[in-house]
Participant: 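My questions will all concern the structure given below.
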Amino acid sequence: MSKFKKIVVVILIAILVVVPALYFLVSTIQGPPPTTGETSLKFKEIAFPHTQKGNLKKSLPFMGIATLDVDGDGIDEVAIGGGHEQPDGIYKYSKNGFSPMAIKGLEKGDTDATFGLASADLNGDGKEELFIARESGVYLAENTDGAFNQRKIEFDLADNTTPLSIALGDINKDGFVDLYISGYIKLDKTEGETNFSDGYGGYSYLLLNDGNNSWTDISKSSGVHSQHNRFLSIFTDLNGDQWPDIVVAQDTGKVEIWENLKDNTFKRHSDPTDYSYPMGIGVGDIDNDGDVDLYFSNVGTTLPRAMVKGNLTKEQKFDTDYILLENEGDFKFSNVGAIRNASKYGFGWGTHIEDFNNDSKMDLYFSQNYARFPGVKYLDLYPGRLLEQQEDGSFLSVEEDAQAKNSTFGITQVVSDFNQDGTLDLIIANLGSPIKALIATETGEHKGLTIRLPATVKWLNAVGTLTLPNGQQLTRQMVAGEGLCSDGFNGLHFGLGNTQAPVSVEITLQTGEKFSYPDLKPGTQFIVSE
């Protein structure tokens, strides 16, 4: 046998021995895999010709993705943030797959990675602008007939901080978009990934719109200022008073829930969570009681607690489970993740709460894996989870049967109804890997309805109420920035179950204005005009 053949044989034997041994070791540490089941929901993957160039030696392991209507045709395009030596890009949908658009004005430096994206129509022309968080700062790219005019948003960004994600809201209801910029410590200043110390990390910023799309930092005067690494925040009305509150996911820290006191200040409320790694934030009405609940990913079962507890003391309670906070009203929450089978999963990132199978019960989706564990993707342990809500309120993992597995380095996802059939589709952002586009093709006998809202500021946090023929009411709130470093569909989605007859929806804005839309056909998308 030649020397070359001997080397090949040794490598093959090593693979046959090492990979199963590694799988056994990791599986033993993590415990039994989640139970999986069948579903009537099916997705079809279509082409998306973009591979993000992640550089883990030079950048934090994140990337931005957002849907936005660039050309005003009522169908979302998808914006993707580029890594080092890679431009940002925008892709247009067709039934055969997504294709790149020749868009000017999104240029950036070769050593500047894009981490967070968000979109809104700032001038009411039906064509959305793009907010961009990069290593070099935060930018506004204004849409001028399909081309962008890009400018840097000026505020005093700390020298140690990388802006990671951008939340959009209108905290004083003046009709101009306000921003919460979640900040993370720069890569060259990190002191380990398990550092829970107070006063360690980057800074985050609450920016109030001056009325002309320039912004003033009110972080300190509003009461939300502190130093800590944060992945993202979202604006959502938690108590039904038509004022947007703030929810924040800290890294190596805690969940933050802030009540809007209606005078540009906020009050922090306690919640039933412990120290953890809350990352993605999902927002939706899990129990169909009319308010929004919250879902946070975590490090989960991936590593032994002793390895991720870091510098916490014995007295400081620590939790690696995913967190599902059920809203009980008046800023009181219960963590029901364990009893609903939504807590014991591997390393997760961006999360969503949506009714993917149109049965009128909200489901969960979250991206998984970690690019700093490169060998793990070959073990197929973290496929990204689609958790379908069962009749008893528990959740069952169905991503394999739904043909929605994504066994690469998923960071987050966005949802939209690209083919306008009343069912939500998924675009999964993979770090250093191809984007995965999944179009929903089947939901059994279930029908859905998507309502596309104007992307102007006054429709942020709009609440839609739909009554089914059996008398059950469904409530959905338009929340920007759900997921992680991402911003999806500007609208509301209702799963209608087996309902075939036309339905009516009432939409209430933060301003108190109400709009009624009767005779909406199941299995379609309805577009609300400004």
Participant: Is there any salt bridge (charged side-chain N to carboxylate O under 4.0 Å, His left out) pair reaching into residues 348-371, and which pairs are they, with sequence neighbours excluded?
Facilitator: Asp359-Lys361, Lys361-Glu391
Participant: Tell me, please, which residues at least two apart from Asp289 pass side-chain hydrogen bond (donor to acceptor under 3.5 Å, both in side chains).
Facilitator: none
Participant: Check for a donor-acceptor pair, side chain of Ser276 on one end and backbone N or O of Thr320 on the other, with a separation under 3.5 Å.
Facilitator: no
Participant: Using a 3.5 Å distance criterion without hydrogens, assess whether the side chain of Asn149 forms a donor-acceptor pair with backbone atoms of Glu142.
Facilitator: no
Participant: Side chains of Thr408 and Asn430: do they bring a donor and an acceptor to under 3.5 Å?
Facilitator: no
Participant: Should Arg230 and Asp251 count as an ion pair when the cut-off is N to O under 4.0 Å?
Facilitator: no
Participant: Taking the side chain as every heavy atom from C-beta outward, state whether Leu386 and Leu41 have any pair of such atoms under 4.5 Å apart.
Facilitator: yes
Participant: Okay, side chain of Asp121, backbone of Gly126: is any donor-acceptor separation there less than 3.5 Å?
Facilitator: yes
Participant: Could you grab the distance from atom CD1 of Ile153 to atom CG of Leu179, nearest 0.5 Å is fine?
Facilitator: 5.5 Å
Participant: Is there side-chain contact between Asp88 and Ile80, with heavy atoms separated by less than 4.5 Å?
Facilitator: no
Participant: With side chain to side chain donor-acceptor pair (under 3.5 Å) as the test, would you mind laying out the steps for Lys44 and Thr441 before giving the verdict?
Facilitator: CA-CA 7 Å; Lys44 177 184 177 182; Thr441 59; over 6 Å; no
Participant: Using the side-chain hydrogen bond (donor to acceptor under 3.5 Å, both in side chains) criterion, which residues pair with Lys436? Sequence neighbours excluded.
Facilitator: none
Participant: For Phe148, does its backbone N or O pair with a side-chain atom of Asn143 as donor and acceptor, under 3.5 Å?
Facilitator: no
Participant: Show every ring-ring contact (aromatic ring centres under 6.0 Å, His included) that has at least one partner inside residues 429-453, sequence neighbours left out.
Facilitator: none
Participant: So, are Arg452 and Asp417 salt-bridged, with charged N and O less than 4.0 Å apart?
Facilitator: no
Participant: So do the side chains of Asp321 and Lys344 get within less than 4.5 Å of each other, counting heavy atoms only?
Facilitator: yes
Participant: Find out whether Asp425 and Ser416 are in side-chain contact, i.e. whether some heavy atom of one side chain is under 4.5 Å from a heavy atom of the other.
Facilitator: no
Participant: By side-chain hydrogen bond (donor to acceptor under 3.5 Å, both in side chains), which residues pair with Ser40, not counting sequence neighbours?
Facilitator: none
Participant: Strictly by salt bridge (charged side-chain N to carboxylate O under 4.0 Å, His left out), give each pair with a member in residues 400-416 just once, sequence neighbours left out.
Facilitator: Lys42-Asp401, Asp380-Lys405
Participant: Keeping the roles fixed (side chain from Trp349, backbone from Ser297), state whether a donor-acceptor pair exists under 3.5 Å.
Facilitator: no
Participant: With Asp170, which of Val457, Asn209, Val177 fulfils side-chain contact (heavy atoms from CB on, under 4.5 Å)?
Facilitator: Val457
Participant: Any side-chain heavy-atom pair from Ile75 and Asp69 closer than 4.5 angstrom?
Facilitator: no
Participant: Are Thr39 and Glu388 close enough, and set up right, to give a side chain to side chain donor-acceptor pair (under 3.5 Å), and what steps lead you there?
Facilitator: CA-CA 8 Å; Thr39 176; Glu388 198 170 86; 2.5 Å; yes
Participant: Count the heavy atoms of every other residue, nucleotide or ligand shown that sit under 6.0 Å from CD of Gln472, and state whether that count exceeds 12.
Facilitator: yes
Participant: Just by distance, with hydrogens left out, do Glu399 and Ser397 show a side-chain donor and acceptor under 3.5 Å apart?
Facilitator: yes
Participant: Side chains of Leu387 and Val398, heavy atoms from C-beta outward: is any pair under 4.5 Å?
Facilitator: no
Participant: For Lys458, I'd like to know if atom NZ has over 12 heavy atoms of other residues, nucleotides or ligands within 6.0 Å.
Facilitator: yes
Participant: With a cut-off of under 6.0 Å to the ring centre and 45° to the axis, is Arg134 in cation-pi contact with Tyr139?
Facilitator: yes
Participant: With sequence neighbours excluded, give me every side-chain hydrogen bond (donor to acceptor under 3.5 Å, both in side chains) pair touching residues 516-530.
Facilitator: Thr456-Glu530, Trp459-Glu530
Participant: Among all residues two or more places apart in sequence or in another chain, which pass the side-chain contact (heavy atoms from CB on, under 4.5 Å) test with Ser486?
Facilitator: Ile65, Thr412, Val414
Participant: I'd like a table of donor-acceptor pairs (distance under 3.5 Å, sequence neighbours excluded) in which one partner is a side-chain atom from residues 489-496, with atom names and distances.
Facilitator:
| residue | atom | partner | partner atom | Å |
| --- | --- | --- | --- | --- |
| Asn490 | ND2 | Glu128 | OE1 | 3.1 |
| His493 | NE2 | Asn358 | OD1 | 2.9 |
| His493 | NE2 | Gly422 | O | 3.2 |

Participant: What class does the angle between the rings of Tyr180 and Phe235 fall in, given that below 30° is parallel, 30 to 60° is tilted and above 60° is perpendicular?
Facilitator: perpendicular
Participant: For residues Val528 and Phe515, determine if any side-chain heavy atom of one lies less than 4.5 Å from a side-chain heavy atom of the other.
Facilitator: no
Participant: Under 6.0 Å from the CD atom of Glu513, do we count more than 12 heavy atoms belonging to anything else shown?
Facilitator: yes
Participant: Checking side-chain contact (heavy atoms from CB on, under 4.5 Å) against Asp293, which of Val336, Leu325, Asp287 comes through?
Facilitator: Asp287
Participant: Quick check, are the ring centers of Phe231 and Tyr184 under 6.0 angstrom apart?
Facilitator: yes
Participant: Determine whether the side chains of Gln413 and Ser367 contain a donor N or O and an acceptor N or O closer than 3.5 Å.
Facilitator: yes
Participant: Using modelled atom types and a 3.5 Å cut-off, is there a donor and acceptor pairing between side-chain atoms of Ser165 and backbone atoms of Cys485?
Facilitator: no
Participant: We want to know whether Gln250 and Asn229 form a side-chain donor-acceptor pair, criterion being a heavy-atom distance below 3.5 angstrom.
Facilitator: no
Participant: Could you check, using the six-membered ring where one of them is a Trp, whether Tyr91 and His50 have ring centers closer than 6.0 angstrom?
Facilitator: yes
Participant: Would you find a donor on one side and an acceptor on the other, under 3.5 Å apart, between the side chain of Asp487 and the backbone of Ser119?
Facilitator: yes
Participant: Please determine if Asp392 and Arg340 form a salt bridge, counting it only when a charged side-chain N lies under 4.0 Å from a carboxylate O.
Facilitator: no
Participant: Sort and list the pairs that fulfil salt bridge (charged side-chain N to carboxylate O under 4.0 Å, His left out) and have at least one residue in residues 471-482, not counting sequence neighbours.
Facilitator: none
Participant: Can I get a per-line list of side-chain donor-acceptor pairs under 3.5 Å for residues 99-107, giving both atom names and the distance, sequence neighbours left out?
Facilitator:
| residue | atom | partner | partner atom | Å |
| --- | --- | --- | --- | --- |
| Glu107 | OE1 | Gly105 | N | 3.3 |
| Glu107 | OE2 | Gly105 | N | 3.4 |

Participant: Checking side-chain hydrogen bond (donor to acceptor under 3.5 Å, both in side chains) between Thr302 and each of Tyr382, Tyr370, Tyr345, which is the one that passes?
Facilitator: Tyr382
Participant: Do the non-hydrogen side-chain atoms of Leu364 and Ile286 ever get within less than 4.5 Å of each other?
Facilitator: yes
Participant: Does the pair Gln242 and Asp237 meet the rule for a side chain to side chain donor-acceptor pair (under 3.5 Å), with working shown?
Facilitator: CA-CA 6 Å; Gln242 297 176 345; Asp237 181 3; over 6 Å; no
Participant: For side chain to side chain donor-acceptor pair (under 3.5 Å), just list the numbers for Gln477 and Thr236, CA-CA rounded to whole Å, side-chain angles, deciding distance to a tenth of an Å, and then say yes or no.
Facilitator: CA-CA 8 Å; Gln477 185 178 146; Thr236 182; 2.9 Å; yes
Participant: Angle class for the Phe366/Tyr322 ring planes (parallel below 30°, perpendicular above 60°, tilted otherwise)?
Facilitator: tilted
Participant: Excluding sequence neighbours, so at least two apart, what forms ring-ring contact (aromatic ring centres under 6.0 Å, His included) with Phe176?
Facilitator: none
Participant: Is there a donor-acceptor pair under 3.5 Å between the side chain of Lys108 and the backbone N or O of Gln86?
Facilitator: yes
